[in-house]
Amino acid sequence: MSADTPLKTAARVACVAPSPPRAVFDLASTLDDVVDLTLGDPDLPPPVNVREAACRAVMAGRTRYSANAGLRELRQAVAADAERTLGIPVDPETEVVITVGAMEASFLTLYSLLEPGDEVVIHVPYWINYSQVVRSLGATPVFVYTRPEEGFRLTAEALEEVLTPKTRLVILNSPNNPTGAIIPEKTLARIAELAFERNFAVLSDEIYDSLVYDGKKSSSILSIPGMKERSVLINGVSKRFAMTGYRLGWAIAPASLAAQMTKMQENIVACAPLPAQYAAIEALSPRTDASFIREEFQRRRDVLVQGIDAIPGLKCLPVPATFYAMADISGSGLGAEEFVYRMLREVKVATVFGPAYGGELYRNFIRIAFTVKEERLKIALERMGNFMASLKS
Ligand code: PLP
């Protein structure tokens, strides 16, 4: 397209790089018999009562628009769920916005808060969308790197070092995609102190909070007194109830910000899809037991970690939460990008190269999403073993 075409893309979109995990996923879908471990998209079905609720909504014609902030009954369910898990009061009338996935909740928050030139601190490795949206809004992502040899542990000291008078927002993602790392309560407490001292807001993306293994739990910075008033909590049903395609999430935000986000909602999507809203009401009801999802992923986690560690030249880092593992591939002698594309073409296992999540510090790592059944996971492990053996011969 010539430079003077009226369809020239706006700079705020042109600056967004295509997503590397999607590029590997797209290539994988052109090949036969690939074990696809690229996207964070669970293969399990949602609990049956949740699926039935979605069908009932469709059949009963409850398929029109809702209020921009979402159905009152769903906002009440979200507020009650947050009160139960975080121990904080949430007003369903003014502090909850139902969105098209956590993705839109995060977009709406950033869109409603940021001015060009604002700095947004993001801990790395990170979920790619954060930096893309921040850049696209003319704000500046500022990165705090966490190191594989330290279990990708975020420290408040490292975060403090990158704070400047321009820091408007700190994005926390715990449990973390792509590492599974959990930010300890003590670190959250120190970050909260910094938030008061240095006057920044926090976006806390807790979409993986139900996938914490070995009987442990993650903590939320919003549980710390005073933090709810300067934070936005992002969550949704995608990972907790295996409902990615329903596209249903939410933001819990102070009333003044939630009102602005709700106003923008009218101009972006009007509201989240109604059948998905009814399904989410059912998912959050006491009738739903989704513990099988966590149990299934914990079993797969064990199979994957043991399987990777049994392959000479590969080493899996501990996976306390989420359905992602970071595997150290330095024993292969290849960089992560070459490793990923060669393994995909030669033995048909698709993964994502570590640098996609924040740069060269992660060049010796690949991210493996264990979102396929145990049998397929075992096939993937066997193929990865063959691939490593082929590199040696
Ligand atoms: N936040 C993180 C950290 C994610 O990894 C993802 C999806 O992979 C999302 C948000 C988006 O979730 P949703 O499907 O609810 O839009």
Side-chain angles (χ1 to χ4, degrees), residues 1-3 5 7-31 36-41 100-111 113-146 148 152 162 166 168-173 176-179 203 205 207 234 238 244 247 249 268 322 324 326 329 334-345 350-369:
M1 210 176 279
S2 77
T5 168
L7 291 180
K8 181 170 163 283
T9 314
R12 67 179 169 275
V13 171
C15 74
V16 172
S19 149
R22 281 277 170 190
V24 183
F25 171 80
D26 290 343
L27 174 61
S29 51
T30 65
L31 304 171
D36 185 355
L37 309 174
T38 53
L39 301 187
D41 193 0
V100 181
M103 220 174 261
E104 200 225 348
S106 149
F107 179 83
L108 259 187
T109 305
L110 298 171
Y111 192 82
L113 271 185
L114 297 180
E115 297 284 2
D118 284 344
E119 290 182 1
V120 178
V121 175
I122 303 172
H123 55 102
V124 194
Y126 55 74
W127 183 51
I128 298 161
N129 297 42
Y130 302 138
S131 62
Q132 304 273 42
V133 176
V134 167
R135 265 201 201 97
S136 139
L137 293 169
T140 308
V142 174
F143 300 116
V144 196
Y145 292 88
T146 65
F152 299 107
V162 302
K166 287 188 184 165
R168 182 77 195 290
L169 181 72
V170 169
I171 297 181
L172 299 179
N173 174 215
N176 175 263
N177 172 10
T179 67
L203 181 161
D205 180 343
I207 190 84
I234 305 287
S238 283
T244 43
R247 309 309 303 123
I268 302 176
T322 73
Y324 308 109
M326 292 288 266
I329 51 118
L334 303 178
E337 190 160 351
E338 187 183 356
F339 184 96
V340 161
Y341 281 109
R342 278 190 60 182
M343 186 162 77
L344 174 55
R345 290 208 162 88
T351 56
V352 184
F353 40 96
Y357 300 99
E360 281 306 299
L361 190 56
Y362 311 107
R363 66 185 169 276
N364 289 332
F365 289 85
I366 58 168
R367 189 194 79 168
I368 303 171

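The chain is numbered in sequence order, starting from 1. Every value quoted in this text rests on a predicted model; they were computed, and no experiment measured them.
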Kindly indicate whether the side chain of [X], heavy atoms from C-beta on, has any atom under 4.5 Å from the side chain of [Y].
X    : Y    : value
M326 : I366 : no
E337 : R363 : no
L169 : V121 : no
L39  : R22  : yes
S106 : W127 : yes
T140 : V120 : no

Give a yes or no answer on whether the side chain of [X] reaches the backbone of [Y] with a donor-acceptor pair at less than 3.5 Å.
X    : Y    : value
R367 : Y324 : no
T146 : V124 : yes
T109 : A105 : yes

For T38 and T351, what are the C-alpha separation, side-chain angles and deciding distance, and is it a side-chain contact (heavy atoms from CB on, under 4.5 Å)? CA-CA 5 Å; T38 53; T351 56; 5.7 Å; no

Measure the acute angle between the ring planes of F107 and Y111, then classify it against the limits of 30° and 60° as parallel, tilted or perpendicular. parallel

Does anything in residues 117-131 form a salt bridge (charged side-chain N to carboxylate O under 4.0 Å, His left out)? List the pairs, not counting sequence neighbours. D118-R168

Intermediate values then yes/no, side-chain contact (heavy atoms from CB on, under 4.5 Å), S131 and I122: CA-CA 8 Å; S131 62; I122 303 172; 4.2 Å; yes

Using the test side chain to side chain donor-acceptor pair (under 3.5 Å), find all partners of Y362 that sit at least two apart in sequence or belong to another chain. none

Locate the shortest heavy-atom distance separating [X] from [Y]; write the atom from each residue and the value.
X    : Y    : answer
P141 : V134 : N-CG1, 3.7 Å
S136 : C15  : CA-SG, 3.9 Å
N173 : N177 : OD1-N, 3.1 Å
I128 : P21  : CD1-CD, 3.5 Å
P148 : L361 : CG-O, 4.5 Å
F365 : I329 : N-CG1, 4.1 Å

Before you tell me yes or no, could you show the steps for R247 and M103 under side-chain contact (heavy atoms from CB on, under 4.5 Å), namely the whole-Å CA-CA distance, both residues' side-chain angles and the distance that decides it to 0.1 Å? CA-CA 9 Å; R247 309 309 303 123; M103 220 174 261; 3.8 Å; yes

Drop me the distance from L31's CG to L344's CG, to the nearest 0.5 angstrom. 5.5 Å

Roughly how far, to the nearest 0.5 Å, is the CG atom of L27 from the CG atom of D36? 10.5 Å

Please assess L137 against L110 for the test side-chain contact (heavy atoms from CB on, under 4.5 Å), listing each intermediate value before the final yes or no. CA-CA 8 Å; L137 293 169; L110 298 171; 3.9 Å; yes

Would you kindly say whether T179 and N176 are connected by a side-chain donor-acceptor distance under 3.5 Å? yes

Before we go on, tell me: are the rings of F143 and Y126 under 6.0 Å apart, centre to centre? yes

